[in-house]
Amino acid sequence: MTKQERLERDIAKLAEMKAHEDELRAEGYRYIAGIDEVGRGPLAGPVYAACVILPEDFDVPGINDSKKLSAKKREELSDVIKERAVAWGIGIADNNEIDELNILEATKTAMKRAIAAVREDRKSTRLN
């Protein structure tokens with residue numbers, strides 16, 4: 001696959017991923033947050049969740065399932081997302097919470113913390 005073909009594929013994938021957001025914006029929603037977790041696979045250690053609100057005009061090709069991206073590409077896109085996001089936040093549930101709650105509930109806890117971090121980011125500047 002040529003570089004141009006990969007770019008065209010990535011642009012099409014981004015448009016596909018934004019389709020649901022576009023529908024919600026057409027219904028009048030202004031801010032739409034995406035949330036995902038990482039770290040559920042290992043037997044030990046914390047689980048992390050990230051929550052991000054991207055601007056409507058976010059048009060950076062290459063955004064995809066992070067597990068399908070190289071570490072280098074993930075780092076590059078992380079910087080772009082943080083720079084261009086309307087708001088973003090990270091939540092963590094540690095190994096003790098996983099043991100106490102179970103992995104599903106600990107994941108939900110990490111996600112709630114990520115959402116809370118977005119709310120804090122909102123208070124600082126971007127969503128006001």
Side-chain angles (χ1 to χ4, degrees):
M1 181 178 290
T2 68
K3 187 175 182 177
Q4 181 62 33
E5 289 170 332
R6 279 192 302 275
L7 178 61
E8 290 171 5
R9 179 201 60 202
D10 290 348
I11 290 169
K13 178 68 176 172
L14 183 61
E16 177 185 325
M17 291 170 59
K18 288 176 66 174
H20 187 63
E21 290 179 30
D22 293 341
E23 290 173 13
L24 292 170
R25 283 192 174 93
E27 292 177 23
Y29 291 93
R30 187 169 172 197
Y31 299 114
I32 302 159
I35 191 164
D36 200 7
E37 53 72 29
V38 64
R40 285 186 60 164
L43 295 176
V47 62
Y48 290 81
C51 181
V52 65
I53 299 173
L54 296 173
E56 187 173 353
D57 65 350
F58 189 84
D59 60 354
V60 178
I63 300 294
N64 199 343
D65 182 341
S66 63
K67 293 166 191 73
K68 295 179 181 179
L69 300 173
S70 69
K72 180 181 176 185
K73 189 66 173 178
R74 276 193 307 271
E75 287 295 320
E76 291 170 4
L77 290 172
S78 174
D79 291 340
V80 172
I81 290 167
K82 289 178 195 175
E83 181 181 304
R84 298 218 15 225
V86 173
W88 63 275
I90 305 286
I92 304 168
D94 67 23
N95 59 311
N96 294 320
E97 291 171 299
I98 294 169
D99 291 344
E100 182 181 325
L101 301 170
N102 74 45
I103 187 62
L104 177 60
E105 293 305 316
T107 300
K108 290 177 186 179
T109 297
M111 289 180 167
K112 289 175 185 174
R113 290 174 179 158
I115 293 166
V118 165
R119 289 185 175 133
E120 280 301 311
D121 193 25
R122 181 185 120 193
K123 288 179 186 175
S124 65
T125 56
R126 297 186 208 125
L127 292 179
N128 295 326

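Sequential numbering from 1 along the given sequence is applied to the chain's residues.
In terms of heavy-atom proximity, R113 sits nearest to G91 at CB-CA, 3.8 Å. Considering all non-hydrogen atoms of both residues, A117 and G89 come closest at CB-CA, 3.6 Å. The shortest heavy-atom contact between A33 and C51 is CB-SG, 3.7 Å.
Under 4.0 Å is where a charged nitrogen must lie from a carboxylate oxygen, and between D59 and R84 at least one such pair does. Salt-bridge annotation for E21 and R25: present, with a side-chain N of the basic residue lying under 4.0 Å from a carboxylate O of the acidic one. Taking 4.0 Å as the cut-off between side-chain N and carboxylate O, E75 and K72 do not count as a salt-bridged pair.
Atom NZ of K112 has 12 or fewer heavy atoms from other residues, nucleotides or ligands within 6.0 Å.
One distance of note links CD1 of I35 with OG1 of T107; it measures 10.5 Å at 0.5 Å rounding. If you take CZ on R9 and CD1 on I11, they are separated by 11.0 Å, rounding to the nearest 0.5 Å. Distance check: I103 CD1 to E97 CD gives 10.5 Å after rounding to the nearest 0.5 Å. Atom NZ of K82 sits about 6.5 Å away from atom CD1 of I90, to the nearest 0.5 Å. Rounded to the nearest 0.5 angstrom, L101 CG and N96 CG are separated by 10.5 Å.
V52 and F58 fall within the same hydrophobic cluster, defined by Ile, Leu, Val, Met, Phe, Trp and Tyr side-chain heavy atoms under 4.5 Å apart, directly or through other members. Note on I53: it does not cluster hydrophobically with M111, by side-chain heavy-atom contacts below 4.5 Å among ILVMFWY residues. Both V38 and I92 are assigned to one and the same hydrophobic cluster, defined by single-linkage of ILVMFWY side chains at heavy-atom distances under 4.5 Å. Residues I115 and L54 do not share a hydrophobic cluster, defined by chaining ILVMFWY side chains whose heavy atoms lie under 4.5 Å apart. Note on V60: it clusters hydrophobically with M17, by side-chain heavy-atom contacts below 4.5 Å among ILVMFWY residues.
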Start with the C-alpha gap between Y31 and V86, add the side-chain angles, then the distance that decides, and say whether side-chain contact (heavy atoms from CB on, under 4.5 Å) holds.
CA-CA 9 Å; Y31 299 114; V86 173; 3.9 Å; yes
Run the side-chain contact (heavy atoms from CB on, under 4.5 Å) test on L104 and R40 for me, step by step, so that the C-alpha distance in whole Å, both residues' side-chain angles and the decisive distance to 0.1 Å come before the verdict.
CA-CA 9 Å; L104 177 60; R40 285 186 60 164; 4.2 Å; yes
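Between the side chain of K18 and the backbone N or O of E56, at least one donor-acceptor pair lies under 3.5 Å.
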